Every structure is written in C-alpha cells, then in structure tokens.
Amino acid sequence: QVQLVESGGGLVQPGGSLRLSCAASGSIFSINSMGWYRQAPGKERELVARIISGGSTNYADSVKGRFTISRDNAKNTVYLQMNSLKPEDTAVYYCNAMILSRGGILALPYWGKGTLVTVSS
C-alpha cells in the first residue's frame with residue numbers, strides 16, 4: 001500500500017509564508033509526478049503546482065512568483081514553499097502523486113488527506 005502524509009499547514013497572516021511537506025511511503029517502485037491541489041470552501045479542487053520526475057514544474061497562474069514546488073527524490077517528498085500569502089489562498093491543500101507500486105503495471109494517482117491553510121489577520 002502507498003500513503004501520502006502532508007504537514008505544515010496552519011494559520012498565517014497576509015503576506016506571511018508557510019512550507020508544506022508531503023511524504024510518500026509504502027510499496028513504491030517509482031513516482032512519476034508529485035503535486036499540490038487546493039480546495040477552498042464552496043469551490044472545486046484546483047491544481048496549485050506540479051513537479052514531474054525530470055524536474056519540470058508548472059503552476060497555477062494565481063500562485064506564480066509566490067509559490068515554489070520542489071522535490072527530494074531520495075525521501076519521496078514534495079514541498080510547497082508559499083510566500084506572500086493572500087486571504088484567497090485559504091484552502092485545504094492536498095498532496096497528489098502518480099505512483100507505480102511494486103508489482104504494479106500502471107502508475108496510479110494517490111491523495112493525501114489534506115492540510116488546512118488559513119490566511120487571515
């Protein structure tokens with residue numbers, strides 16, 4: 001089995017910073033991509049940032065220049081550094097990864113349980 005565990009959420013004032021982490025564990029053969037999605041109250045889940053195994057990244061327009069995604073392949077961990085946070089960044093942030101498990105044939109999507117980020121004064 002494969003698990004994704006997020007950490008690092010919390011309450012921060014506008015303009016502040018937070019760093020989210022997500023560690024994948026279990027019967028992992030390889031990880032194709034890792035990323036972060038978020039879901040604000042009353043809204044659909046949306047992609048925030050993604051990083052693929054080669055290191056290429058893509059970001060939602062709303063976070064470009066403020067958020068940075070990075071990955072430690074040795075630790076199967078992805079990070080999201082969030083700077084200049086705005087109230088509209090308030091959401092539950094979910095980690096997502098496309099993982100090929102040991103003995104598996106296809107890479108499958110896995111999700112963490114989410115971590116709440118609240119930006120408020």
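Side chains are part of it too, since the values below use all heavy atoms of this structure and drop only hydrogens, waters and symmetry mates. The structure presented is a predicted model; accordingly, all values stated were derived computationally and were not measured.
Across all non-hydrogen atoms, the minimal contact from Ser17 to Asn83 is OG-OD1, 2.9 Å. What you find for Ser27 and Val2 is that their closest heavy atoms are O-CG2, 3.9 Å. Minimum interatomic distance between Ile105 and Leu100 (heavy atoms only, all atoms of both residues): C-CD1, 3.8 Å. Across Lys64 and Tyr59, no two heavy atoms sit closer than the pair CE-O, 3.4 Å. Smallest separation of non-hydrogen atoms from Tyr110 and Leu4: O-CD1, 3.2 Å. In plain terms, the two heavy atoms of Pro87 and Pro14 that are nearest each other are CG-CG, 4.2 Å.
Rounding to the nearest 0.5 Å gives a distance of 8.0 Å between CG of Leu20 and OG of Ser7. Interatomic distance, Ser53 OG to Met34 CE, rounded to the nearest 0.5 Å: 12.0 Å. Residue Gln13 holds its CD atom at 8.0 Å from CG of Leu11, rounded to the nearest 0.5 Å.
Side-chain contact annotation: Asp72 with Thr77, donor-acceptor N/O pair under 3.5 Å absent.
Side-chain contact between Met98 and Ile31 is absent, with no heavy-atom pair separated by less than 4.5 Å. Counting only heavy atoms from C-beta outward, the side chains of Pro109 and Asn96 approach each other to under 4.5 Å. Side-chain contact between Ser120 and Thr90: absent, with no pair of heavy atoms (C-beta onward) separated by less than 4.5 Å. For the pair Val12 and Thr118, the minimum side-chain heavy-atom distance is 4.5 Å or more. You'll find the side chain of Asn32 stays beyond 4.5 Å of the side chain of Ile99, heavy atoms only. Under the 4.5 Å side-chain criterion, counting only non-hydrogen atoms from C-beta, Val78 is not in contact with Leu80. With contacts defined as side-chain heavy-atom distances shorter than 4.5 Å, the pair Cys95/Trp36 qualifies. Between Asn58 and Ile69, the closest side-chain pair of non-hydrogen atoms is not below 4.5 Å.
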Note to self: Would Met82 and Val117 count as a side-chain contact (heavy atoms from CB on, under 4.5 Å) here? Give the steps.
What the structure shows: CA-CA 10 Å; Met82 305 185 293; Val117 172; 3.9 Å; yes

Note to self: Assess the residue pair Phe67 and Leu85 against the criterion (side-chain contact (heavy atoms from CB on, under 4.5 Å)); give the C-alpha distance rounded to whole Å, side-chain angles, the decisive distance to 0.1 Å, and a yes or no.
What the structure shows: CA-CA 9 Å; Phe67 292 9; Leu85 283 160; 3.7 Å; yes

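Applying the salt bridge (charged side-chain N to carboxylate O under 4.0 Å, His left out) test to every pair with at least one member in residues 81-101, sequence neighbours left out, gives these pairs: Arg38-Asp89, Arg66-Asp89.
Not a single donor-acceptor pair under 3.5 Å links the side chain of Gln81 to the backbone N or O of Thr68. Here the side chain of Glu6 pairs a donor or acceptor atom with the backbone of Gly114 at under 3.5 angstrom.
Within a 6.0 Å radius of CD in Gln39, other residues, nucleotides and ligands contribute more than 12 heavy atoms.
The distance between the ring centers of Trp111 and Tyr37 falls below 6.0 angstrom.
The hydrophobic cluster containing Tyr94 also contains Leu47, counting ILVMFWY residues as joined when their side-chain heavy atoms lie under 4.5 angstrom apart, directly or transitively. A continuous path of hydrophobic side-chain contacts links Ile51 to Tyr93 [ILVMFWY only; heavy atoms under 4.5 Å].
Note that Arg71 lies outside the cation-pi zone of Tyr79, set by a 6.0 Å cut-off to the ring centre and a 45° limit from the axis.
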